[in-house]
Structure formats: C-alpha cells, structure tokens
Amino acid sequence: MKETWSLDVLYKGYDDPQFEADIKKLDELIAQCNTLADTLSHKDETATLKQILTTLNELEQVSYQLLAYANLRQSCDTTDAQTAAYLDKITKKTSNVAKAKAKFNRYIAQIKDLDACLEKEEALQEYTYLLHSIQEDGRYLLSDDVEEVLSKMDISAGQAWETMQSYLTSTLEVDYDGKTTTLSQIRNLAYDSDKKVRKRAYEAELAAYAKIRDAIAFSLNNIKAQVLTECELRGFASPLAMTLHQSHMKQETLDAMLSAMDDYMPVFRKYLKRKAEMLGYQNGLPWYELFAPIGKDDTKFTIETAKDYLLKHFAPFAQDMADMMEEAFEDEWIDFYPRKGKVGGAFCENLPFLKQSRVLTNFDGSLGDVVTLAHELGHAYHGMMIQDHKMLNTDYSMPVAETASTFNENIIMNAAIDEAEGETKLALIETQLQDLTQIVCDIYSRFLFEKKVFEKRKEGFLFPDELEAMMLDAQKQAYGDGLDEQYLHPYMWINKSHYYSSALSFYNFPYAFGGLFARGLIVKYHEMKDAFVPKYRELLHATTVSDVEDVAKLADIDLTSKDFWISCLKTAEERVNEFLTLSESFNK
C-alpha cells in the first residue's frame, strides 16, 4: 500500500498529451461561452437555457479537472514553481469567462416564466433548484464588465493573498530541541504523551509564528477588505449575510444553533476544568494541553491497521461506505504523511466526474489520525452520493459540507467507546470530547473573531498586536474559565487557512453545524436502525439541490428550532457526565 496518492487518473504529468488537450479544450469552451453570451435572445428561452447549461457543464468539468490536478500537486509541494505557473495560467484562463457567466446569470434572472421553460424541456428539470437560485441571486449581480473585473482582479488580490498564507505556513521552519522541523510536525506534538514535549512544542510554535505575523496580517487585512468592498457593491448587509445567502441557509438557523451553543458552554468548561485537575493544573487547562492524552490508549496505527479499523466499524453501518474506504486505501486516493512543503491539516477533494476522491492527511499513527481519515472519507462518501448529478449540480453549501464527515467521526468513536472498558474507555471518551470542544468552543471563538475582524476592518488596518488581542478575547469568551488565560493561543488567526478566502467567509460555523447536525442524525440512526441508511443517502444526495433547511426536513428535523440544537448538545453533555464519572478513579 503506497503512502502517497496517485493523480494519474487525472493526468500523468504536465507533459501528458491529455493535459495539453484539455488546456486547448478549455480555451475552446471559453470561446464558445463568450460567443453564446454575446448572442443571447429571449425568442426561444427553453432552447437557449439548454444551450447555456450544456456548455457550462462541459466547461465546469474541464476546468475542474485541470484545477483539481494543479491544486492537488501544489498541496503536496507548495514550492513547486511549475505547478504555481500552471495554476496561474489556468485561473487566468477561467477568469476570461466571468463576463459571459454574468450575462448568462442575468439572462436567467430575466426569464419571466422559468417554470414554463422547465415544463417544456425534461432535460432542464434536474436544474430546477440551480436555475431558481440564479434567479434569486439576480438582485445581487453587478454589471457584466464589473463582474469580469472582480473575477480577474481576484487572481492577483484575494487568491494571491490566500496563496501567500498557505506558502508561508507550509514552509515555515520551526526550531525545536536544536533541530528544524515543519509547522505540521510541531503541531502534531500537541498529542504527545509527554507534558514537557507538549509545552515545548507550543512555545516553539508560537515563536515561529512571530517570523511571519506581519506578512500574514497583510493577507488577512486585504482579503477581508476585498470581501467588504464586494458586499457593499452587491448590496449585502454584511459578509455574514452574504455567506448565509451563499450557504442557502437562514439566519434563524444560525441564530438557533449559536444560542444553543452559548447555553452549553458551561458544560464544556466542566470537562476542561476536570481535565486540568487530572493533569495537575489549578487555573484551568493551558492551551497546549487541549489534546493531551488521558487514560491508557497506547494504540498506534499503521496505514494497514488504520484501514482495517475503519472497515471493521463502517461495514455494519453501510457496506458501500466500507467498500469505498477500501478502494481509497488500495487505489492510492490518500497522501498520508507530513513533509516539508506539504500543507498542514487534512482535506478531501471530490472528483465526481471520475467517481473518485483524493484525501490529504498528516498521519502520525494516533487514534485522532484515524478519526481524521474517517472524517475525510466521509467527505468522499458524500462525493459518491452526488456523483450522478451533472457537474453544475455538484456544489454543496458550507453548512452541509461537514455533515457526512462528522457523521463518520461519530460512528467510529461511538463504536470504539461502546466496546472499550476502564481507562481505555476513558481515553476514547476524552478523545471524542476533544473533538466536540473544538467544534463547539473553538469554532465559536473563531466565529466571534472573524465577525470582529470584519467589523474592525471597516475602520482601518488591523496590525498583528490588535489581531492577537482580538483572538485572545474571542478565546476567553468561548472557553471561559475552562482554559488558563495565561496560556491561550494568540496566533490561531495565522494558523487557520479558513480565514484566507475571498470567496468563502466564515468557514467556521459550518463545522459546528456539521458536528451537531451529525449528532442529531446519529440519534435518528439509533431510532430507525437500518431503515435510516437509505434516508441518509437521500439526504446527502439532496445537499447540492436543496436549501439547508429542506435537506434536514428529509430527516424530519427543523433547523430553525433551538430545541433541535439543544437535543444535539444534550448528547454531548451525556458524554461529559460520563467522563466526569469515569475520571473520578483516575490516578495522576
């Protein structure tokens, strides 16, 4: 079993004749789009709609494949100059269709009886949700020329600042114990069994960020300024309002979830304070101990044993899930280990047109890394559920993007906890609580921070000292006395790539949404048993062609009700109480 992924299914290299053929095809499709956009007529709207969607589907597939290949290569080596050049070349080409897309969207928005067109042509009916969404988006469209300028300028503005953050954090050299290591490797030491190692790694991490704090501050400031400008031009009340619109999610849903989370913060603080006591601290838990192992779970996984563990726990839920996971391991879908130049963290890139995905992790053999694999392969399963949609119907919004992944986390952790005993059970429960604390407390702090950044950026440039103070304040609000205020993390704004996208703001609350929504779905699974699985597949399939609230209704869930979110958090409270009881016999 190989330790790195293979991208040959996309292209065998930049000298692959198919790669060059697709670059040429991209140019042809862009030209087709531009010609079509200049000859639009409302004389036969049904035929014109069909032509627009057919052309855009082809364009989407070719551009997606080219960009996916280059992005996947760059994620493994951010220093690859050839890849950087091709990414620049491809993104510049795709920007040349922005004006045409704006014209298409405006044309669709101006169709007076869209439903009549849909009834007339069966081939258009699978685009019903997309077309109605475009009509709704019409009120936020700018002129064709402005849309084109925004798209082209973003390449050397927002996208460039995002690339700089990724480059600087992935190549950052961290001095630790007289040696130089990568940021992802030093962050993995937060899970080490030795308290001294965890603290030294935390100190080394903070010291390393000081080298790039000024440059990253410029990235953050300029990306957020760009988003604010676009919001104002389009007529959105705020970046959050724009994000919710893009997410096909109601403000009432977000408010209900955040209110329930705020109510339950004291529950998580109980857990954090108990963990602090177990580790010998009196003033709350230091940040560097958030992921300190508790109990006796010394299991270390190889790639092979990780695969076996996942298959064992997912086959009883859904055999098609287990089969896909086995394919991912055996057919080189996964790039496992950290190395210099490789980005940190983990992600999954769905390739629905190939009925595959690619997963990047920074695996070091811990149970947490196996959970990460389960999480990312949940994204891959989600991709499998939408792969029969047309390419234009394969985008799911941010909130539901994390549903399948965190559902998988719950499946594997609940199964492992149920079959464990003694201190192993304690260790597994504590691992699950670490993750829950991240999606509730930490995500809440990230949301508060980003909201504040947008508010303050309107007033002026935010220098690193101010950003650090805002980050610490957000952490204090979320974690309260659960953490020791002397040992927080002022540089989390540098570390988290989610802040650095001009196209996607507030990529934080979707993690809380996905994590809590998944817990609600787990409750449904226990109630319905095997009858739930087909409903779950239907729900995932609907995520790209339905509003968030309508997706949840397929499982008889009202997302705008705070009671639903409280019911999800109650399951977390049960775990906290279980941890508090089991930990009473813990021997320091």
Side-chain angles (χ1 to χ4, degrees), residues 172-210 271-303 305-306 309 336-340 344-346 361-373 413 416 420 422-438 441-442 475 479 482-492 495 579 582-588:
L172 181 63
E173 293 185 343
V174 184
D175 298 322
Y176 178 77
D177 278 358
K179 298 179 182 177
T180 299
T181 186
T182 65
L183 184 58
S184 58
Q185 287 171 326
I186 206 74
R187 284 179 59 78
N188 277 338
L189 294 178
Y191 299 88
D192 196 89
S193 59
D194 188 330
K195 181 186 296 187
K196 293 179 180 178
V197 169
R198 297 192 297 267
K199 185 176 182 181
R200 290 202 309 271
Y202 162 81
E203 292 168 344
E205 181 189 354
L206 296 191
Y209 286 130
Y271 149 68
L272 291 168
K273 286 189 283 189
R274 179 63 185 130
K275 181 171 182 177
E277 292 170 3
M278 295 165 74
L279 293 172
Y281 301 100
Q282 297 180 342
N283 299 315
L285 194 68
W287 186 277
Y288 56 82
E289 298 289 43
L290 275 168
F291 304 108
I294 294 289
K296 290 185 178 179
D297 180 31
D298 298 326
T299 308
K300 294 297 285 185
F301 292 87
T302 62
I303 295 174
T305 57
Y309 192 77
F336 289 95
Y337 295 112
R339 57 186 179 272
K340 187 173 181 179
T361 72
N362 281 275
F363 187 84
D364 73 353
S366 69
L367 175 63
D369 289 312
V370 179
V371 174
T372 295
L373 280 167
M413 287 304 300
E423 289 195 27
T424 299
K425 190 181 190 77
L426 177 68
L428 293 175
I429 290 174
E430 204 278 323
T431 297
Q432 189 177 56
L433 289 178
Q434 287 180 20
D435 294 334
L436 277 168
T437 302
Q438 288 295 294
C441 298
D442 202 59
Q475 289 169 1
Y479 287 99
L483 292 186
D484 185 340
E485 292 189 1
Q486 299 301 310
Y487 295 98
L488 297 176
H489 199 309
Y491 291 122
M492 284 300 284
N495 175 262
F579 172 78
L582 282 172
S583 65
E584 288 176 1
S585 59
F586 182 84
N587 184 357
K588 293 180 187 176

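Fair warning: this is a prediction, and the values are worked out from it, not measured in the lab.
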Salt bridge between R274 and E277, side-chain N to carboxylate O under 4.0 Å? yes

How would you list, by chain and number, every residue that makes a side chain to side chain donor-acceptor pair (under 3.5 Å) with [X], sequence neighbours excluded?
{"X": "Q434", "value": "E430"}
{"X": "K199", "value": "none"}
{"X": "T182", "value": "S184, Q185"}

From the options Y491, Y288, Y176, select the one residue that forms a ring-ring contact (aromatic ring centres under 6.0 Å, His included) with Y202. Y288

Check the pair Y337 / I303 against side chain to side chain contact (heavy atoms under 4.5 Å, CB included), numbers first and verdict last. CA-CA 10 Å; Y337 295 112; I303 295 174; 3.6 Å; yes

With rounding to the nearest 0.5 Å, note down the distance linking [atom1] in [X] to [atom2] in [Y].
{"X": "L373", "Y": "Y309", "atom1": "CG", "atom2": "OH", "result": "12.5 Å"}
{"X": "E173", "Y": "T181", "atom1": "CD", "atom2": "OG1", "result": "9.5 Å"}
{"X": "L172", "Y": "K340", "atom1": "CG", "atom2": "NZ", "result": "10.0 Å"}
{"X": "R198", "Y": "K195", "atom1": "CZ", "atom2": "NZ", "result": "7.0 Å"}

Crowded around Y487 OH? As in, over 12 foreign heavy atoms under 6.0 Å? no

Please say whether more than 12 non-hydrogen atoms of neighbouring residues, nucleotides or ligands are located less than 6.0 Å from NZ in K296. no

Can you name the nearest heavy-atom pair linking [X] to [Y], along with the distance?
{"X": "V174", "Y": "A208", "result": "CG2-CB, 3.8 Å"}
{"X": "G482", "Y": "L272", "result": "O-CB, 3.4 Å"}
{"X": "A276", "Y": "G284", "result": "CB-C, 3.5 Å"}

Side-chain heavy-atom pair [X], [Y] within 4.5 angstrom cut-off:
{"X": "M278", "Y": "I294", "value": "yes"}
{"X": "E485", "Y": "Q475", "value": "no"}
{"X": "T305", "Y": "V370", "value": "no"}
{"X": "D484", "Y": "L285", "value": "no"}

What pairs of donor and acceptor atoms, side-chain ones from residues 362-369 against any protein atom, are under 3.5 angstrom apart with sequence neighbours left out?
| from | atom 1 | to | atom 2 | distance (Å) |
| --- | --- | --- | --- | --- |
| N362 | ND2 | V343 | O | 3.2 |
| N362 | ND2 | G345 | O | 2.8 |
| D364 | OD1 | S366 | N | 3.3 |
| D364 | OD1 | S366 | OG | 3.4 |
| S366 | OG | G368 | N | 3.4 |
| S366 | OG | D369 | N | 3.3 |
| S366 | OG | D369 | OD2 | 3.0 |
| D369 | OD2 | D364 | N | 3.0 |
| D369 | OD2 | G365 | N | 3.4 |
| D369 | OD2 | S366 | N | 3.4 |

By side chain to side chain contact (heavy atoms under 4.5 Å, CB included), Q438 pairs with (sequence neighbours left out) L290, F291, D442, R446, Y479

Got a sec, which residues hit side chain to side chain contact (heavy atoms under 4.5 Å, CB included) with K425, two or more places apart in sequence or on another chain? I417, A420, I429, E578, L582

Passes side chain to side chain contact (heavy atoms under 4.5 Å, CB included), E289 versus K275? Steps please. CA-CA 9 Å; E289 298 289 43; K275 181 171 182 177; 5.5 Å; no

